[in-house]
Amino acid sequence: MIDGKKVLFSGMQATGTLTLGNFAGALRNWVALSDEYECFYCVVDLHSITVRQEPAELRKRARNLLMLYIAAGLDPAKNCIYYQSHVSGHAELSWILNCFTYMGELNRMTQFKDKSRKHADNINAGLFTYPVLMASDILLFQSDVVPVGIDQMQHLEITRDIAQRFNAIYGDVFTIPEAYVGKTGAKIMSLQDPEKKMSKSDENPNASVYLMDDADTIIRKFKRAVTDSEARICYSDTQPGIKNLIEIYCTLSGKSPEEAVREFEGRGYGDLKLAVGETVVDALKPVQEEFARLSKDKAYIDGIIRENADKANYYATKTLRRVQKKVGFPERIR
Ligand code: TYM
């Protein structure tokens with residue numbers, strides 16, 4: 001609790017360009033929840049270097065991501081928006097929690113298995129202990145709730161396991177966090193292969209809609225979206241392409257899948273694709289405009305970066321000192 005409010009923490013990697021999946025599964029919910037909680041929204045640049053990065057490019061992407069958080073509607077005066085690398089407590093807690101996490105647990109992580117396959121020439125220890133750093137992010141702020149897409153659920157579960165294990169030894173040190181997964185949009189699929197998650201790292205640019213895509217590109221990508229030959233609009237697992245389009249439509253319009261199916265009853269796939277494309281264009285337009293405006297205001301963004309890093313450091317240090325004392329590190333003498 002901070003000032004009587006429960007704490008919310010979430011973050012995104014500054015790798016690749018954000019997709020509609022990141023927006024629908026996470027960012028959109030962050031904005032919706034931000035009044036109710038004391039919020040920390042982190043640009044997780046420490047996580048990014050588990051895969052090789054070009055330094056100048058990473059720096060640029062991290063700043064763009066931070067601006068996107070604000071452009072999407074998070075007020076930086078109320079929400080703590082900051083870079084993970086500016087708060088050393090993330091890495092320090094991560095070391096401690098590494099010593100309370102088992103190799104067997106980490107071996108079971110599906111994201112580790114996927115990424116090891118994709119980056120077979122660089123299966124580094126950071127990639128393996130990635131979930132411990134994520135647990136540290138969350139536990140450092142005594143977070144109650146963590147809004148994420150479905151793909152992060154396994155990481156949330158290991159976070160809870162680590163926290164419970166630590167608490168069982170040392171008493172009630174960490175708040176046990178809950179995941180928050182939206183009713184719709186928690187797993188947006190690729191437009192080219194609806195059995196696969198829409199991902200920043202997909203090599204096929206038509207598979208993902210990027211938050212900065214212009215209107216024509218977005219409409220074109222939806223027109224090319226892979227569907228099926230059943231020629232009926234249902235919200236069913238047997239029609240994953242159509243289901244994904246309805247899911248996107250509902251997430252952004254607030255309609256239920258039943259309402260959407262009724263609306264498109266008897267109409268062709270072309271109509272559905274166009275309607276979904278237009279809904280996405282309308283949802284992203286204000287974010288893109290605000291992003292363009294913020295990009296020109298260097299001093300304003302620099303101020304946010306400075307102030308929010310101080311705030312995040314303050315709360316992070318509080319937890320860290322407590323943990324350090326519990327495990328038996330000597331007290332600091334002033
Ligand atoms: P990342 O950067 O891969 O994704 C950011 C958020 O977007 C969600 N997401 C999706 N949701 C729906 N459909 C999709 N196709 C889709 N793709 C991505 C993700 O679930 C996530 O919520 N490890 C995390 C970042 C992280 C973090 C944290 C998150 C580090 N520390 C602490 C929460 C709390 C990641 O790589 O997310």
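In each ligand, atom 1 is the first atom listed, and ligand 1 is the first ligand listed.
- Qualifying salt bridge (Lys or Arg N to Asp or Glu O under 4.0 Å) partners for K200, counting only residues two or more places apart in sequence or in other chains: none.
- R262 and E265 are not joined by a salt bridge, as no carboxylate oxygen comes within less than 4.0 angstrom of a charged side-chain nitrogen.
- Just one of Y37, F23, Y41, F9 meets the ring pair (Phe, Tyr, Trp, His ring centres under 6.0 Å) condition when paired with W30; it is Y41.
- To the nearest 0.5 Å, the span separating CG on D151 from CD on Q111 amounts to 7.0 Å.
- Aromatic rings of F40 and F141 (six-membered ring for Trp) have centroids within the 6.0 Å cut-off, being under it.
- Ring geometry for F100 versus F166: interplanar angle over 60°, hence perpendicular rather than tilted (30 to 60°).
- Listed by chain and residue number, the protein contacts of ligand 1 are F9, S10, G11, M12, Q13, G21, N22, G25, A26, V44, H47, Y130, M134, D137, I138, V146, V148, G149, D151, Q152, G185, A186, K187, I188, K197, M198, K200 (heavy atom within 4.0 angstrom).
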